[in-house]
Amino acid sequence: MNPMSAPNNLNARRPPWLCSLLVWLVLALPATAAAQKHLRIGVPMGFPPFSYQDEGESEVRGYSVDVLNILSAELSTEPRFLVGRNEDLLRALQDGELDLVVGIALTESQRQDFSTLEILIYVKRYLFVHHPDKAADRTSQNAIKSVIVRDQPYVTSIIGDNGNDFIQARTVKEALMIVNSGQAREFVDYSDQMATYLIGKFGLQNVRQAGVRMGRFPFTMIIAKNNEPLNSGLSKALGQAIKSGQLGQVREKWLGKSYASYLWQRFAPLVVLIAGTVAALGLLLVLWHIALTRKVAQVTNRLRVSEERHRQLIESSPDMVLLINKTGLIRLANQSAVDKLQIPRDQLLASNLKTMVLPKDKEKFDDFLDTLFSKQIASLETKLTNFNGRRIHAEFVAARLRRSIEEERLACCFARDLTKRKLMERELIASERLATIGKIAAGVAHEVNNPIGIILAHAEDMISGELDDEESRESLTAIRRNALRAGNITRALLDQASSGVSSRTDLDISALLEECLHFLKPRLKKISLIRHLKTERYWTQGDWNQLQQVFINLFLNAIESMSGAGIIRVSLDRVDRNGAGWHRIRIEDSGKGIPAHQRRRIFDPFYTEGKSQGVGLGLFVVAKIVGSHGGRVFADDSELGGGTINVELPVNVEEQNGNPSTDR
């Protein structure tokens, strides 16, 4: 019978209350030491290399035994080692028959009943697999499980938490035989020496060592909760053993080289390769440094030449080049600035540019400096006074230096003398004044004709005497509104030419179109009007008067294209384009239409090709107003046989309910 498995067999044949009595084996020290105080230590059976017995021997050996021998020497006690099953050892410790148990993994509930000391050590787990010599056996072999030795702690977690993933053997020998027979696929053990010895002794030809896995193993010492002196003594002894290096020696004896040594052995070729690569890179770095030194010398020489060229470029510039700080103090000036300002260079570098600006422009110059140093770029047109009192009309364009070696922030300022140019511009303006007035007058006349025509039509209706009181009031209201609109047309045209901000409100396009059609009612008597205007609201943000001018202009163009008689269809829908919502207004007519080659040019100023009247400013103004509202206008064919003008305006971001704003 195998002595290593004997305790298991004995425990299986005897009642549980006798197990603790049968686990005692021969004491580790001679009988002459019996008078000393003993430390009763329980270790699990068949757990190499931590605790095991060779066949035919009575003494237990292993890592656990050597560690406890060292700790017992520190405590001046004599250890007695007792082997048995895990549950028997824990029961004996609980009953006071043992002082200490090592090498057992406790459950969470068991940890509540004992005190523990743990040493985390790196161990090698050796993998032995079923590998028959014959290829036919390998293909037919159907091993699906792993095998472990019963009661070995922290091994089942390596293989899997599911109990169906592995089977248990009583001893290492039995586990290896199971793998050899093909019943199990692999076996994981902490000791390769014991497994290799058994493979050779019993001729297990179908077992091969397949690899090594590193892992942390918590070597646990379990003490009764009420044995605080032993717990404290073991803690101190353990610290002393770690400090003296004795634990490291025991680990190397039973578990092989340290984790660092294992890593070195495994990764030494990679380390050597990296070291060689670093050395090669170092050599290349030295060579690169030499080449770089030569390159730097060449670049330095080139920079010196380039610096001289840039200095000559600045000095040769016909414009004034100044380097100023945020207060206007001049830090650098070129020769052109010295000549035009007629100030010696040494005095100019100590001067402030603001003192040369006319008093009425000083506030404007302060704004120029603030903009320059806050937004990095600015421009200004002003007048300077030179040393002799002569005024220079200058245009400044300046940019802040983004990277400067100076402590203060500086800006480079280019100043061009515009004195002669301004004289020429005044002469040119005088010669072009009559032509400009003619163009403006033509545009104003074109725009004013629309409301005047509406006023005239309503006035003729009233003179005819055919209107009742309600229709007369409506005509008078239309006359009043168009008279006011005619007075605002000049200002609206000037707004299109300037950067002024129009008055924008939330307005309903459907209501706007209805009002425009109402204004044009006298001009629509011979026109069949088709409305596709839904009752829902179509909200956008815009200027009511400007958009009213747009649609009235488009309706009048449609009427003129049909010579006053025909069909007009107006529709309003919402479309989605480029992920945004748009209101699309289509005004179609049955007139002569717009040729395809003219559709892009009809919105150009003064384009009158194909028109019998007008100066070509109406659609130009329409495009400007729609563009200022963020929309677009374009032309295409109409199903009515004429042309179509499409206007798209953005949908208001916040859809609103109710009536449109009347503040217009």
Check ion pair Asp636-Arg586 (N to O, under 4.0 angstrom):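 Salt bridge: yes.
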Do the side chains of [Y] and [X] get nearer than 4.5 Å, heavy atoms only?
| X | Y | value |
| --- | --- | --- |
| Cys412 | Val321 | yes |
| Leu649 | Val626 | yes |
| Leu372 | Leu380 | no |
| Arg531 | Leu517 | yes |
| Ile324 | Leu410 | no |
| Arg311 | Glu308 | yes |

What closest approach, in Å, do [X] and [Y] show between heavy atoms, and which atom pair accounts for it?
| X | Y | answer |
| --- | --- | --- |
| Ser510 | Leu533 | OG-CB, 4.3 Å |
| Ile568 | Ala558 | CD1-CB, 4.0 Å |
| Val651 | Trp582 | CG2-N, 3.5 Å |
| Leu369 | Lys326 | CD1-O, 3.8 Å |
| Leu547 | Gly542 | CD1-CA, 4.4 Å |
| Ala635 | Ile645 | CB-CD1, 3.8 Å |

Check whether more than 12 heavy atoms from other residues, nucleotides or ligands sit under 6.0 Å from atom [atom1] of [X], and answer yes or no.
| X | atom1 | result |
| --- | --- | --- |
| Arg599 | CZ | yes |
| Glu363 | CD | no |
| Asp346 | CG | yes |

Please answer whether the main-chain N or O of [Y] pairs with a side-chain N or O of [X] as donor and acceptor at a distance below 3.5 Å.
| X | Y | value |
| --- | --- | --- |
| Ser379 | Val397 | no |
| His583 | Trp539 | yes |
| Thr644 | Glu588 | no |
| Arg569 | His532 | no |
| Asn334 | Ile314 | yes |
| Lys354 | Lys362 | no |
| Glu315 | Gln335 | yes |
| Thr540 | Pro650 | yes |

With rounding to the nearest 0.5 Å, note down the distance linking [atom1] in [X] to [atom2] in [Y].
| X | Y | atom1 | atom2 | value |
| --- | --- | --- | --- | --- |
| Ile585 | Asn646 | CD1 | CG | 9.0 Å |
| Ile330 | Leu348 | CD1 | CG | 4.5 Å |
| Glu471 | Met462 | CD | CE | 11.0 Å |
| Asp417 | Asp339 | CG | CG | 12.0 Å |

Can you sort out the partners of Phe396 under ring-ring contact (aromatic ring centres under 6.0 Å, His included), two or more places apart, ordered by chain and number?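 ring-ring contact (aromatic ring centres under 6.0 Å, His included) list for Phe396, sorted by chain: empty.
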Taking only residues two or more places apart in sequence or in another chain, which ones pass side chain to side chain donor-acceptor pair (under 3.5 Å) with Arg480?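 Arg480 satisfies side chain to side chain donor-acceptor pair (under 3.5 Å) with no residue once adjacent residues are dropped.
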Who passes side chain to side chain donor-acceptor pair (under 3.5 Å) against Thr382, sequence neighbours left out?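 With neighbours one apart ignored, the set is Asp361.
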Show me, pair by pair, the donor-acceptor contacts under 3.5 angstrom made by side chains of residues 287-302, not counting sequence neighbours?
unit_1	atom_1	unit_2	atom_2	d
Thr293	OG1	His289	O	2.8
Thr300	OG1	Val296	O	2.6
Asn301	OD1	Arg304	NH1	3.2

With side-chain contact (heavy atoms from CB on, under 4.5 Å) as the test, would you mind laying out the steps for Thr385 and Met356 before giving the verdict? CA-CA 5 Å; Thr385 305; Met356 306 175 194; 5.7 Å; no
Working for side-chain contact (heavy atoms from CB on, under 4.5 Å), residues Gln548 and Leu512: CA-CA 7 Å; Gln548 185 184 76; Leu512 176 63; 3.9 Å; yes
Quick test of your reading: applying salt bridge (Lys or Arg N to Asp or Glu O under 4.0 Å), list the pairs with at least one residue in residues 378-395, sequence neighbours left out, ordered by first then second residue.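 For residues 378-395: Glu381-Lys422.
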Does a side chain donor of either Asn325 or Thr327 reach within less than 3.5 Å of an acceptor in the other side chain?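 Per modelled atom types, Asn325 and Thr327 side chains form a pair under 3.5 Å.
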Polar contact flag, side-chain donor to acceptor under 3.5 angstrom, Ser317-Asp319: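 Absent: no donor and acceptor within the cut-off.
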List the steps and the verdict of side-chain contact (heavy atoms from CB on, under 4.5 Å) for Glu536 and Arg574. CA-CA 11 Å; Glu536 60 183 284; Arg574 174 168 173 170; over 6 Å; no
For His458 and Glu474, run side-chain contact (heavy atoms from CB on, under 4.5 Å): C-alpha distance rounded to whole Å, both residues' side-chain angles, the deciding distance at 0.1 Å, then the answer. CA-CA 9 Å; His458 282 283; Glu474 291 180 357; over 6 Å; no
Please list all pairs meeting ring pair (Phe, Tyr, Trp, His ring centres under 6.0 Å) that have one or both residues in residues 343-365, counting only residues at least two apart or in different chains.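 Matches after skipping sequence neighbours: Phe365-Phe368.
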